[in-house]
Amino acid sequence: MERDERAGTRPGGPLSGLRVVDFSELAPGPFLTRCLRDLGAEVDKVERPGRDGAFTTHPGTYQVLNDGKRIHALDLKRPAGLEAAEALVAEADVLVEGFRPGVMTRLGLGFDKLFARHPGLVYVSISGFGQDGSLSRVPGHDLNYLAASGMLSLMGGLDDPPSLGVGVPIGDLLGSMYALSATLTALLQRNETGLGRHLDVSITDCLMHGMNMVLGQLQADRRASLGECREAVFTRPAYGVFETSDGEYVSIAALEEHFWQRLVAALGLEVSDLGLENRLDRLRGTREINGRIAEAVRGLAAKDVIGLLEAADVPVMRVTAPLELAESTQARDRGLFTATGEDGLGYVRFPVRFEG
């Protein structure tokens with residue numbers, strides 16, 4: 001493939017010429033391979049007859065995740081289907097699969113067999129709990145992985161029990177991003193050694209790694225019980241979501257001293273009776289402080305709250321609903337909604353730009 005010297009990269013994207021075969025379903029694997037495709041790779045997606053399960057349950061999601069991929073309906077339990085799949089693998093740089101451990105081996109497409117034939121293959125297995133361990137064959141979905149990782153226990157609010165998550169499959173997405181970085185790293189390594197490798201991507205492990213920053217805080221503060229941990233995470237004065245008089249919601253995040261002082265002045269908050277000498281005092285008074293902010297904001301329309309706090313250079317942002325994203329200031333200014341699927345669905349392009 002010739003390089004475009006003006007752009008400094010291959011025509012069609014930085015991964016142009018990379019071949020990927022995707023045996024995964026639902027979200028984690030397809031999101032990974034969608035990102036690879038966005039970066040220029042060619043993706044062949046192998047689906048059992050009847051399509052990926054997401055096609056019937058969430059067709060819009062399926063379209064976004066798999067737009068631009070070549071779809072092959074193959075029965076891998078039949079010789080003809082297996083032979084066609086092996087032909088795709090023979091041309092591939094990367095294989096992605098998301099079955100439970102052992103399934104690909106039983107189908108005749110396990111890593112050892114394929115690596116012996118194609119030593120440059122980067123073989124990516126994405127699963128809930130990894131290829132080994134006592135939970136490796138336990139079924140699960142995003143909520144279960146969040147629960148196992150400790151992350152779910154910290155979702156909700158200061159006075160609320162653990163919630164159902166954040167409204168998007170954060171485990172699936174985080175697992176896909178770790179898989180993406182590991183895949184690109186393995187490809188770089190292959191450039192030096194000529195050899196691919198098997199990448200064991202456990203969604204739960206990825207979520208646990210994401211817990212490190214919180215663990216550092218909780219361990220340093222010697223928090224013991226779950227209640228103490230939740231209190232440490234959610235005790236944030238002048239930091240929260242507040243309802244306005246016109247039924248909108250705004251997020252305010254005045255953590256630092258200078259933002260706090262500006263917030264008090266901009267909203268005319270009366271806090272002199274709370275004895276707030278420093279940030280430690282504010283932490284102790286979180287509920288009272290946030291209650292007074294809520295009261296002040298409740299008396300104003302969203303545009304007025306935002307106008308006051310933006311003028312004072314305080315972090316504030318209206319809570320945007322999903323179907324408003326395409327018309328949001330950020331999306332328009334950054335040209336984010338430039339991708340359109342085959343059926344006209346609009347969605348966000350890969351968020352980091354590359355020339356070409």
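Computed from a predicted model, the values in this text were never measured in an experiment.
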The salt bridge (Lys or Arg N to Asp or Glu O under 4.0 Å) partners of E288 (sequence neighbours excluded) come to R292

Applying salt bridge (Lys or Arg N to Asp or Glu O under 4.0 Å) to R332 and not counting sequence neighbours gives none

Exercise for the section: Could you tell me whether D313 and R262 make a salt bridge, using a distance below 4.0 angstrom between a side-chain N and a carboxylate O? Expected result: yes

Salt bridge between R282 and E257, side-chain N to carboxylate O under 4.0 Å? yes

Query raised in the report: Are E248 and R318 ion-paired here, with the side-chain N under 4.0 Å from a carboxylate O?
Result: yes

query = Passes side chain to side chain contact (heavy atoms under 4.5 Å, CB included), I293 versus L263? Steps please.
reply = CA-CA 9 Å; I293 294 171; L263 174 70; 3.8 Å; yes

- prompt: Q63 and T61: side-chain donor and acceptor closer than 3.5 Å?
  reply: no

Is the shortest side-chain N to carboxylate O distance from R19 to D44 below 4.0 Å? yes

Taking every heavy atom of G130 against every heavy atom of P101, the minimum-distance pair comes out as O-CG, 3.4 Å

In plain terms, say whether E86 and R117 are close enough for a salt bridge, that is, a side-chain N and a carboxylate O under 4.0 Å apart.
yes

For S125 and E97, test the side chains for any donor-to-acceptor distance below 3.5 angstrom and give the result as yes or no.
yes

Quick test of your reading of the model: are E42 and R70 salt-bridged, counting only N-O distances below 4.0 Å? yes

Q.
Does this structure show an ion pair linking E192 with R190, if we count only N-O contacts that are shorter than 4.0 Å?
A. no

In short, ring-ring contact (aromatic ring centres under 6.0 Å, His included) pairs touching residues 144-178 with sequence neighbours left out are F129-Y145, Y178-H209

Taking every heavy atom of K69 against every heavy atom of D22, the minimum-distance pair comes out as NZ-OD2, 3.7 Å

